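Note that the structure is a prediction, hence the values are computed from the model and not measured. Residue numbers start at 1 and run along the sequence shown.
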Amino acid sequence: QVQLVESGGGLVQAGGSLRLSCAASERTSSSYTMGWFRQAPGKEREFVAAIRWTTYYADSVKGRFTIDRDNAENTVYLQMNTLKPEDTAVYYCAAGPNIRTGVTDTRKYIYWGQGTQVTVSS
């Protein structure tokens, strides 16, 4: 059982930056794909970014967000720059073992964090 704990959310003005962290309770570097998803009120949870041997991004965040991981610390980060009001959502960290296809699919991930709120004001 992998436990994931997100942190780093908050309130920021449009154009600002935030860095989210996701700390895993055990080593996830070798066989887990780590992902970030978000869910805005009244909307479905959507893919933001993922990392295993390479990185993946949703078109809406490409060029603004960067996902990376510190394997020694069992931590995954999401650097969010040039934030927009439409980025406002609860952001969730997720882990899925041996994902080879469909990294954007929530069903491929079996461990989820509790979420952290990101609010971008205009």
Side-chain angles (χ1 to χ4, degrees):
Q1 182 86 9
V2 177
Q3 294 182 335
L4 305 173
V5 179
E6 302 100 333
S7 61
L11 173 64
V12 64
Q13 288 188 332
S17 298
L18 283 174
R19 183 171 174 85
L20 304 183
S21 299
C22 171
S25 59
E26 61 183 68
R27 187 174 180 83
T28 58
S29 60
S30 59
S31 61
Y32 280 82
T33 296
M34 302 298 296
W36 285 98
F37 291 78
R38 66 187 182 186
Q39 189 166 17
K43 295 187 176 180
E44 292 187 354
R45 192 167 298 189
E46 65 175 6
F47 171 77
V48 175
I51 185 169
R52 188 182 171 189
W53 308 120
T54 188
T55 56
Y56 308 84
Y57 295 97
D59 287 343
S60 60
V61 306
K62 203 171 293 184
R64 299 188 297 122
F65 291 10
T66 302
I67 186 172
D68 61 8
R69 66 196 304 171
D70 183 335
N71 291 330
E73 297 293 330
N74 295 332
T75 302
V76 177
Y77 302 97
L78 184 69
Q79 177 67 42
M80 306 186 295
N81 297 328
T82 319
L83 282 161
K84 305 175 181 180
E86 51 263 43
D87 294 318
T88 295
V90 177
Y91 283 69
Y92 296 91
C93 176
N98 299 317
I99 299 176
R100 291 180 172 83
T101 61
V103 295
T104 65
D105 188 346
T106 58
R107 296 170 296 180
K108 297 294 182 95
Y109 296 82
I110 61 173
Y111 301 114
W112 291 84
Q114 82 288 349
T116 185
Q117 176 71 46
V118 171
T119 303
V120 184
S121 63
S122 57

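- The closest side-chain heavy-atom distance from Glu44 to Thr106 is not below 4.5 Å.
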Please step through side-chain contact (heavy atoms from CB on, under 4.5 Å) for the pair Ile67 and Tyr57, ending with a clear verdict.
CA-CA 9 Å; Ile67 186 172; Tyr57 295 97; 3.5 Å; yes
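- Using a distance-only test at 3.5 Å, with no hydrogens or angles considered, no donor-acceptor pair links the side chain of Asp105 to the main chain of Gly102.
- Note on Ile51: it clusters hydrophobically with Leu20, by side-chain heavy-atom contacts below 4.5 Å among ILVMFWY residues.
- Using a 4.5 Å cut-off between side-chain heavy atoms of Ile, Leu, Val, Met, Phe, Trp and Tyr, with links allowed through other members, Leu18 and Leu4 fall into the same hydrophobic cluster.
- If you chain together hydrophobic residues whose side chains sit under 4.5 Å apart, Val5 and Ile110 never meet in one group.
- Interatomic distance, CD of Glu26 versus CD of Gln3, reported as 9.0 Å (0.5 Å rounding).
- In the model, Asp70 has no side-chain atom that pairs as donor or acceptor with a side-chain atom of Thr75 under 3.5 Å.
- Taking the side chain as every heavy atom from C-beta outward, Ser21 and Glu6 never approach each other to under 4.5 Å.
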Might you work through the side-chain contact (heavy atoms from CB on, under 4.5 Å) test for Thr104 and Glu46, ending with a clear yes or no?
CA-CA 8 Å; Thr104 65; Glu46 65 175 6; over 6 Å; no
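- Interatomic distance, CG of Asn81 versus CD of Gln79, reported as 4.5 Å (0.5 Å rounding).
- When all heavy atoms of Ala89 and Ala40 are compared, the pair lying nearest together is CB-N, 3.8 Å.
- Residues Cys93 and Trp112 form no side-chain contact, since every pair of their non-hydrogen atoms from C-beta on lies 4.5 Å or further apart.
- Atoms OG and CD, from Ser122 and Gln13 in turn, are 9.5 Å apart once rounded to the nearest 0.5 Å.
- Side-chain contact between Tyr32 and Ile99: absent, with no pair of heavy atoms (C-beta onward) separated by less than 4.5 Å.
- Two different hydrophobic clusters hold Val118 and Tyr77 under the rule that ILVMFWY side chains link at heavy-atom gaps under 4.5 Å.
- Between Val90 and Thr116 the shortest side-chain heavy-atom distance does not fall below 4.5 Å.
- Lys62 has a carboxylate O that lies under 4.0 Å from a charged side-chain N of Asp59, or vice versa, which qualifies the two as a salt bridge.
- With no hydrogens or angles considered, a side-chain donor-acceptor pair links Thr119 and Gln117 at under 3.5 Å.
- In this structure, the ring of Phe37 has its center less than 6.0 angstrom from the ring center of Tyr109.
- Under the 3.5 Å distance criterion, the side-chain polar atoms of Lys108 are left unmatched by any main-chain donor or acceptor of Gly96.
- At a cut-off of 3.5 Å, with distance as the only test, a side-chain donor of Arg69 or Asn71 sits close to an acceptor on the other residue.
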Test Leu78 against Met80 for side-chain contact (heavy atoms from CB on, under 4.5 Å), laying out the working first.
CA-CA 6 Å; Leu78 184 69; Met80 306 186 295; 3.9 Å; yes
Mind running side-chain contact (heavy atoms from CB on, under 4.5 Å) on Phe47 and Arg38 for me, showing each step along the way?
CA-CA 7 Å; Phe47 171 77; Arg38 66 187 182 186; over 6 Å; no
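- For the side chain to side chain contact (heavy atoms under 4.5 Å, CB included) test with Val48, the passing option among Tyr56, Phe65, Tyr92 is Phe65; the others fail.
- No continuous path of ILVMFWY side-chain contacts below 4.5 Å connects Val2 to Val103, so the two sit in separate hydrophobic clusters.
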